[in-house]
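Let me begin by presenting the structure, written as structure tokens, before commenting on it.
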Protein chains: 2
Amino acid sequence: MMRRRSPTAEDVARLAGVSRTTVSLVLNGVSDARIRPETRQRVLEAAARLNYRPHAGARHLVRGRSEVIAFVMRQTPDQVFADAFLPEVLRGLSDVLREANLHLLLFPLAPDRAPEETIRLLQERRVDGMVLSGPRFEDREWLERWGQETPVVLLGHLANSALPSVDVDNGQAAAMATRHLLRLGHRRVGLITNAPLSYTASYERWLGYRQALEEAGLPYDEALVAFGAFTPASGAAAMEQLLKLPDPPTAVFVASDVVAFGALQVIRRHGLRVPQDLALVGFDDVPLSAYLDPPLTTVHLPAEDLGRAAGQLLLQWIQEGRPPTSTIRLATGLVIRQSCGAGGGA
Amino acid sequence: MMRRRSPTAEDVARLAGVSRTTVSLVLNGVSDARIRPETRQRVLEAAARLNYRPHAGARHLVRGRSEVIAFVMRQTPDQVFADAFLPEVLRGLSDVLREANLHLLLFPLAPDRAPEETIRLLQERRVDGMVLSGPRFEDREWLERWGQETPVVLLGHLANSALPSVDVDNGQAAAMATRHLLRLGHRRVGLITNAPLSYTASYERWLGYRQALEEAGLPYDEALVAFGAFTPASGAAAMEQLLKLPDPPTAVFVASDVVAFGALQVIRRHGLRVPQDLALVGFDDVPLSAYLDPPLTTVHLPAEDLGRAAGQLLLQWIQEGRPPTSTIRLATGLVIRQSCGAGGGA
DNA sequence: CAGTGATGATAACACGTGTTAGCAAGCGAT
DNA sequence: ATCGCTTGCTAACACGTGTTATCATCACTG
């Protein structure tokens with residue numbers, strides 16, 4: 001299996017009868033270089049004939065840019081369910097990057113793993129920047145140091161971090177979902193969180209829920225709040241807890257669709273009907289929530305837009321050479337299906 | 001914002017009081033180089049102190065290897081649903097790659113897009129190899145040329161291709177699912193495909209279905225076969241078609257969970273009950289199929305293992321310098337839940 | 001006709017690393 | 001003392017590109 005050397009700029013130069021410098025000038029379209037149209041043509045033809053492409057490594061070395069950005073995922077395998085919309089985020093991000101001729105390096109980093117491997121990506125200059133998805137509190141330390149030298153954008157967010165970030169407005173969204181249930185007449189509205197409150201997103205959704213109650217003049221009742229943790233199983237356990245109450249809620253806002261799946265299963269096992277006996281609203285709008293029975297009313301998370309926005313922020317930083325001050329909060333919308341009892345359609 | 005130059009091997013050499021060559025020899029652990037333990041120590045300390053990491057681009061240039069492999073996804077946004085287990089595949093793959101110190105470049109390539117951009121990855125030597133997920137018939141042409149020079153492994157497969165590939169045994173799996181329904185006493189077993197038969201996987205599952213019928217001495221009835229195409233909506237339409245039959249099936253094998261979601265919805269709308277009135281078996285075992293009502297009996301697709309196997313094949317090729325002849329077919333298993341009527345559990 | 005610019009191209013350097021050939025010093029043997 | 005061999009290290013080249021300073025040619029001007 002003879003592996004023939006791939007053509008270099010030198011080969012193109014030889015074929016076109018010019019110097020390598022000229023080839024470079026032509027192919028990079030250097031504007032203030034005076035090249036006779038005729039020679040330019042000869043170079044272009046030679047390059048086309050040889051199917052020449054500049055060596056990425058050589059370019060990286062001399063230009064100082066790898067033209068690659070990393071997408072670092074801080075999710076545990078437990079949360080694999082929560083990855084339901086990872087493909088969408090990636091699609092949005094890669095679309096934006098492709099337009100700027102950047103490539104996407106995928107780098108999973110389990111939360112129990114030290115960040116060294118990620119930092120190495122930067123030290124080796126393997127990437128020109130990164131999107132950190134699901135940043136954790138411990139990450140603040142190294143981010144502060146490296147976010148100075150390299151463009152880093154957070155997907156999700158981190159308290160007290162100056163880094164640009166993209167996220168949904170969790171508080172507003174949770175309040176909207178809760179208000180919806182209140183408006184339907186429910187007075188005892190429960191909450192099942194998507195994760196422990198140490199997670200920012202979880203905490204914000206909890207705040208939104210409280211705010212909606214307050215607006216409606218209802219007291220915050222600790223007994224009506226149960227804690228989920230990413231998985232359907234955790235949702236099932238949380239719902240069991242709520243149903244055991246002497247005076248159980250008539251509606252529950254579950255701050256994660258996936259957690260809601262488990263909750264719904266438990267409700268069925270108890271012989272209760274949704275939404276007649278218990279109304280439910282979820283969060284995320286994962287692709288399949290429309291196909292549950294009943295279809296789940298939920299807060300739509302604009303996953304693709306999140307990816308796109310993160311990409312744009314990163315590009316802006318790279319191009320302008322300094323971090324954008326903007327922090328993007330994308331709006332969400334309530335997708336009304338049947339689980340809440342305000343019955344869209346059938 | 002002064003951006004200080006990151007340390008080079010030259011800096012390490014200066015600090016340790018040796019030449020750059022020595023630094024390279026020590027840091028790469030070249031075994032037949034005679035270095036006094038004391039100097040080795042000095043070099044290591046200097047490197048540690050400066051936090052030195054070799055520049056990825058420079059290394060790429062001189063070694064001829066980028067230490068990156070590409071994961072090329074040939075899925076349409078339509079099939080975004082089918083991406084349900086993409087995260088798992090990626091996890092398996094990236095695990096294997098990480099152990100070999102390789103990185104993962106994600107490259108979506110919609111089917112309507114020309115392959116040039118992907119080929120460019122190889123021409124620029126940006127990647128050392130690639131995994132092509134969901135290869136399409138049109139890809140044979142360029143794969144034949146480039147699969148000689150660069151390691152390429154197929155995830156899914158392609159008729160008449162000599163490239164190593166990883167896939168599940170679709171025929172066997174479909175036959176198993178169909179046999180299960182037959183064994184439960186059903187005589188009129190329908191099929192809803194996951195995609196048009198022009199897709200290899202779809203075709204093979206169709207063959208498996210036929211084979212199981214034949215074994216049971218049942219005729220193949222064209223009327224009992226409807227065609228889905230990736231989405232729940234297509235499954236809904238297909239199921240409508242089957243239910244309109246004068247003598248509808250009592251059981252249906254749906255060759256995709258996601259398509260089955262749509263089918264199930266239609267069944268409910270018709271007021272029929274699963275599995276009492278109509279038994280259902282799916283395919284893929286996407287994460288959420290266990291949370292449907294009723295939980296879906298389905299063929300488990302070992303997504304993470306698929307990714308892992310593809311990675312291993314690729315590594316083998318890269319390390320040994322020639323393509324492995326092996327083609328891997330992973331076994332599947334039937335996950336019996338409740339939609340088939342053989343009722344696991346509750 | 002000498003001087004001045006513009007035009008069109010190139011030689012030479014830089015980027016940061018891996019690797020080969022070779023050099024100096026030390027040591028034992030003749 | 002000289003030769004040869006080992007030990008420990010380094011100078012020099014290669015990888016393929018972008019970029020700057022320079023050079024030759026020619027046209028135009030005073």
| query | Looking just at side-chain N and O atoms, do A:S24 and A:T21 make a donor-acceptor pair shorter than 3.5 Å? | reply | no
| Which residue, B:Q123, B:R125, B:E149, forms the side-chain hydrogen bond (donor to acceptor under 3.5 Å, both in side chains) with A:S6? | B:R125
| task | Assign the ring pair B:H103 / A:F107 to parallel, tilted or perpendicular, where the plane angle (0 to 90°) is split at 30° and 60°. | result | parallel
| note | Whole-Å distance, B:H55 NE2 to C:dA14 P, equals 17 Å
| said: What is the distance, to the nearest angstrom, from the CG atom on A:L27 to the P atom on D:dG16? | reply: 16 Å
| said: Under a 4.0 Å threshold between the charged nitrogen and the carboxylate oxygen, would A:R136 count as salt-bridged to A:D139? | reply: no
| How long is the line joining CZ of B:R59 and C1' of C:dC15, in whole Å? | 16 Å
| note | From CZ of B:R65 across to C1' of C:dT19 the rounded distance in Å is 14 Å
| task | Give the nucleotide from the list C:dA12, D:dT10, D:dG8 with an atom nearest to the side chain of B:T22. | result | D:dT10
| remark: With the side chain defined as heavy atoms from C-beta on, B:V18 is closest, among C:dC15, C:dG18, D:dT10, to D:dT10
| field | Nearest-nucleotide pick for B:T8, side chain only, options being C:dT17, D:dG16, D:dT19 | value | C:dT17
| Quick one: is C:dG18 close enough that its OP1 or OP2 comes under 4.0 Å of any side-chain N or O from B:S24? | yes
| field | First encountered from the 5' end of DNA chain C, between A:T39 and B:R63 | value | A:T39
| query | When you measure from the side chain of B:P54, which nucleotide among C:dA9, C:dT17, D:dT17 comes out closest? | reply | C:dT17
| request: Can you figure out which of D:dC9, C:dT17, D:dG16 approaches the side chain of B:R36 most closely? | output: D:dC9
| task | Please say which of A:L158, A:L155, A:L143, A:T118 ends up in a side chain to side chain contact (heavy atoms under 4.5 Å, CB included) with A:L132. | result | A:L143
| query | From C:dG16, C:dA9, D:dG18, pick the nucleotide closest to the side chain of A:I35? | reply | C:dA9
| said: Rounded to whole Å, please give me the gap between CG in A:L25 and C1' in C:dT10. | reply: 10 Å
| A:D32 CG to C:dA6 P: how many Å, rounded? | 15 Å
| task | Give the nucleotide from the list C:dT10, D:dG16, C:dT17 with an atom nearest to the side chain of B:L61. | result | D:dG16
| Which nucleotide in D:dG16, D:dT17, C:dG18 has an atom nearest any side-chain atom of A:R20 | D:dT17
| Between D:dG18, D:dA11, C:dA9, which nucleotide has the shortest distance from any of its atoms to the side chain of A:N28? | D:dG18
| Any N or O donor-acceptor pair linking the side chain of B:S19 to the base of D:dA11 at under 3.5 Å? | no
| task | Round to the nearest Å and state the distance from B:E38 atom CD to D:dT7 atom P. | result | 17 Å
| Over how many whole Å does the gap from B:R53 atom CZ to C:dG18 atom C1' extend? | 19 Å
